[in-house]
Amino acid sequence: MSAAEFTHYRTCHLCEAICGVEVRVRGTEILSIRGDEQDPFSRGHICPKALGIKDVHEDPDRIRQPMRRTATGWQEISWDEAIDEVARRLVSIQREHGADAVASYIGNPQVHNYSGLLGGAKFLRLLRSRNRYSATSVDQLPHHFAAYFLYGHQLMIPVPDIDRTQYFLVLGGNPVVSNGSLMTSPDGSRRLKALRTRGGRLVVSDPRRTETAELADTHLFITPGSDALLLLSMLQVLFAEQRIAPAALTNILDGLETLRELVLPFTPEVTATSTGLAPEVVRQLARDFSSSSSAVCYGRMGVSTQQFGAICQWLIQVLNIVTGNLDRVGGAMFTRPAFDILALAAGFGQRGSFNKRQTRVRGLPEFGSEFPVSALAEEILTPGPGQIRALVTSAGNPVISTPNGRQLEKALEQLDFMVSVDFYLNETTRHAHLILPPTSALERDHFELVCNILAVRNTVRYSQPLFDKPPGALHDWEIFERLCARLESL
């Protein structure tokens with residue numbers, strides 16, 4: 001008798017858009033993956049990444065047993081042997097060189113795996129090492145930096161009310177392709193087209209011709225890296241023309257006069273040479289933004305991964321605030337997700353922090369108990385007290401995804417010990433002494449802890465596992481739980 005066919009519904013775990021997907025299955029065979037048209041958030045939208053869920057789950061190259069690197073190649077070992085060796089090596093290195101001699105790196109996929117996220121947090125606390133790194137500092141730290149100092153919590157990032165705004169100003173972002181990015185909005189293209197259909201305006205400032213710019217009413221070809229000057233000039237115009245109107249925020253603002261003095265020198269005439277934008281274009285941009293019935297400014301990669309990223313993200317927030325577009329319909333709004341991860345993060349001591357300590361080599365400040373990952377390689381390569389001698393990675397490939405990957409690859413080669421919680425042998429994990437593979441995403445349940453706080457609409461979904469966990473396999477949280485138990489026993 002042939003296996004029965006059935007349809008499984010779940011949230012795609014591969015990116016921030018968290019689209020609903022429909023998986024058609026016969027027995028243990030995935031027949032098709034398509035967008036869930038009944039999902040009220042993504043409304044049937046799907047991108048090519050979701051189709052890769054089948055490829056990853058069925059990939060014969062996916063590691064399914066713990067692996068040890070030997071002089072003659074990789075060797076499968078038992079879970080007990082692997083967990084014991086990891087714990088003994090980490091404890092030995094910390095006893096000889098101090099707790100900070102063991103560093104950690106957490107990649108993006110762990111954010112979309114609640115059990116791995118929570119289990120990993122417990123494990124890192126037990127390590128007691130201050131050398132923590134993650135993918136956060138590669139592209140999004142300016143957002144958290146601005147949120148921490150403006151609103152008191154690094155995760156309290158206002159989200160553009162894209163479905164109701166009448167004026168959407170996008171700086172260095174491409175939501176048609178990213179479906180948001182720190183603005184979780186699946187099917188960004190349809191949402192932006194709806195904006196224009198209802199009579200709203202889309203303005204894009206970007207030196208590149210992007211898919212989002214193609215939909216825009218106006219595309220400003222700004223000089224790369226000059227976004228902060230554009231924002232300063234817009235604010236200067238608003239003050240000079242008495243267009244500052246914080247509305248309901250008036251009585252809770254602090255520093256407005258200081259801001260006025262700060263932006264005073266940055267007239268559009270002064271900044272035009274640097275931005276490449278004519279003074280009258282900037283003036284009209286400021287006027288249109290401030291006079292719209294609702295407006296919101298949003299900036300992403302192009303304004304974050306640059307020298308003045310933190311200033312850009314702060315100024316974007318300031319622009320929304322002084323025009324009365326913070327925490328209002330059609331502006332930048334704070335979400336109210338079903339799960340209060342802000343409280344959870346505060347409970348873990350992750351409300352935010354800045355410069356409580358610095359990196360050993362260059363003196364770079366920490367943020368949110370993490371150092372910038374651009375410092376990881378030099379902290380391994382530079383001899384002396386406090387040198388990193390061991391590394392734990394989970395769900396990441398920093399040799400490919402972080403700055404100066406060649407230097408990091410060189411650094412990984414000289415570590416005394418490295419362990420990776422990952423089910424692929426890649427450019428990073430091939431340097432590990434041990435690889436601990438978790439189950440695939442379809443073999444565990446799923447609940448999106450993080451991205452719901454960035455969603456343009458309140459949404460919630462819990463996904464059951466599609467397939468049973470294979471005999472002898474471990475989920476991420478079980479791996480971390482076993483490591484914790486073994487570490488505590490030594």
Side-chain angles (χ1 to χ4, degrees), residues 142-143 146 150 158 160-162 165-173 183 195 200-207 212-213 216-247 249-250 253 255-304 306-328 330-332:
H143 293 262
L150 277 172
D161 187 9
I162 187 174
T165 192
Q166 287 300 109
Y167 194 102
F168 192 30
L169 175 58
V170 178
L171 308 180
M183 175 189 66
L195 161 67
R201 290 194 64 196
L202 171 63
V203 178
V204 173
S205 174
D206 199 307
T212 301
D217 296 278
T218 303
H219 181 193
L220 304 175
F221 287 90
I222 191 170
T223 301
S226 65
D227 308 271
L229 292 173
L230 169 61
L231 291 162
L232 287 166
S233 286
M234 290 182 66
L235 289 165
Q236 191 277 336
V237 171
L238 296 180
F239 276 108
E241 298 186 2
Q242 299 182 358
R243 291 175 175 271
I244 299 298
L249 305 174
T250 301
L253 290 186
L256 198 58
E257 288 306 312
T258 301
L259 178 65
R260 182 194 303 271
E261 294 299 318
L262 176 67
V263 304
L264 187 61
F266 296 95
T267 66
E269 286 76 16
V270 169
T271 61
T273 302
S274 298
T275 63
L277 302 178
E280 192 51 40
V281 169
V282 176
R283 282 197 167 83
Q284 194 61 49
L285 182 64
R287 292 165 185 160
D288 291 345
F289 189 91
S290 63
S291 62
S292 179
S293 59
S294 63
V296 63
C297 181
Y298 162 80
R300 191 54 191 104
M301 289 287 289
V303 293
S304 293
Q306 58 161 281
Q307 184 179 2
F308 303 107
I311 296 174
C312 285
Q313 292 300 339
W314 171 64
L315 290 172
I316 286 170
Q317 297 296 323
V318 168
L319 179 61
N320 290 328
I321 289 169
V322 301
T323 55
N325 285 297
L326 177 70
D327 200 26
R328 61 165 290 188

Minimum side-chain heavy-atom gap Val296-Asn325 below 4.5 Å
no
Measure the CG-CZ distance between Leu256 and Phe239 for me, rounded to the nearest 0.5 Å.
4.5 Å
Point-to-point distance, once rounded to the nearest 0.5 Å, from OG of Ser304 to CD1 of Ile316
7.0 Å
Hey, mind stepping through Asn320 and Phe289 against side chain to side chain contact (heavy atoms under 4.5 Å, CB included) and telling me if it holds?
CA-CA 9 Å; Asn320 290 328; Phe289 189 91; 3.6 Å; yes
Look up atom CG in Leu235 and atom CZ in Arg243, then write down how far apart they are to the nearest 0.5 Å.
13.5 Å
Kindly indicate whether the side chain of Leu285, heavy atoms from C-beta on, has any atom under 4.5 Å from the side chain of Leu220.
yes
Using the salt bridge (charged side-chain N to carboxylate O under 4.0 Å, His left out) criterion, which residues pair with Asp327? Sequence neighbours excluded.
none
Is a side-chain donor or acceptor of Gln313 paired with a backbone partner of Gly299 at a separation under 3.5 angstrom?
yes
Hits for salt bridge (charged side-chain N to carboxylate O under 4.0 Å, His left out) against Glu269, two or more places apart or cross-chain, chain-then-number order -> Arg283
Using every non-hydrogen atom in the two residues, find where Pro265 and Val270 come nearest and quote the distance to one decimal.
O-CG2, 3.7 Å
Taking all heavy atoms of Ser292 and all of Gln166, pick out the closest pair and write down the distance.
OG-CB, 3.8 Å
Do any N or O atoms from the side chain of Ser233 and from the backbone of Phe266 form a donor-acceptor pair under 3.5 angstrom?
yes
Suppose we screen for side-chain hydrogen bond (donor to acceptor under 3.5 Å, both in side chains). Which residues come up paired with Ser294, at least two apart in sequence or across chains?
none
Nearest heavy-atom approach of Leu315 to Ala228 is CD1-O, 3.6 Å
Heavy atoms of Pro160 and Met183 approach each other most closely as CG-SD, 3.5 Å
Dump the intermediate steps for side chain to side chain contact (heavy atoms under 4.5 Å, CB included) on Val282 and Leu230, then the final yes or no.
CA-CA 7 Å; Val282 176; Leu230 169 61; 3.9 Å; yes
Would you check, one step at a time, whether the test side chain to side chain contact (heavy atoms under 4.5 Å, CB included) holds for Leu259 with Val318?
CA-CA 9 Å; Leu259 178 65; Val318 168; 3.4 Å; yes
So which atom in Ser226 and which in Thr275 form the shortest heavy-atom distance, rounded to 0.1 Å?
OG-CA, 3.4 Å
Going by the side-chain hydrogen bond (donor to acceptor under 3.5 Å, both in side chains) test, name the single residue among Asp217, Thr165, Asp288 that passes it with Arg201.
Asp288
Measuring from atom CG of Leu319 to atom OG of Ser290, what distance do you get when rounded to the nearest 0.5 angstrom?
9.0 Å
State whether the side chain of Thr223 and the backbone N or O of Ser274 hold a donor-acceptor pair below 3.5 Å, judged by distance alone.
yes
Main chain of Pro246, side chain of Thr250: is a donor-acceptor contact present, judged purely on distance under 3.5 Å?
no
Tell me every residue that passes salt bridge (charged side-chain N to carboxylate O under 4.0 Å, His left out) with Asp206, counting only those two or more places apart in sequence or in another chain.
none
Under the side chain to side chain contact (heavy atoms under 4.5 Å, CB included) criterion, do Leu195 and Ile162 qualify, and how do the steps go?
CA-CA 8 Å; Leu195 161 67; Ile162 187 174; 5.8 Å; no
With sequence neighbours left out, what residues match Arg260 under salt bridge (charged side-chain N to carboxylate O under 4.0 Å, His left out)?
Glu257
Closest non-hydrogen atoms of Asp227 and Cys312, given as atom of the first, atom of the second and distance, are CB-SG, 3.9 Å
Interatomic distance, Asp161 atom CG to Tyr298 atom OH [nearest 0.5 angstrom]
14.5 Å
Atom CE in Met234, atom CG in Leu277: separation rounded to 0.5 Å?
10.5 Å
Does Thr212 have any side-chain hydrogen bond (donor to acceptor under 3.5 Å, both in side chains) partners at least two apart in sequence or in another chain, and if so, which?
Asn174
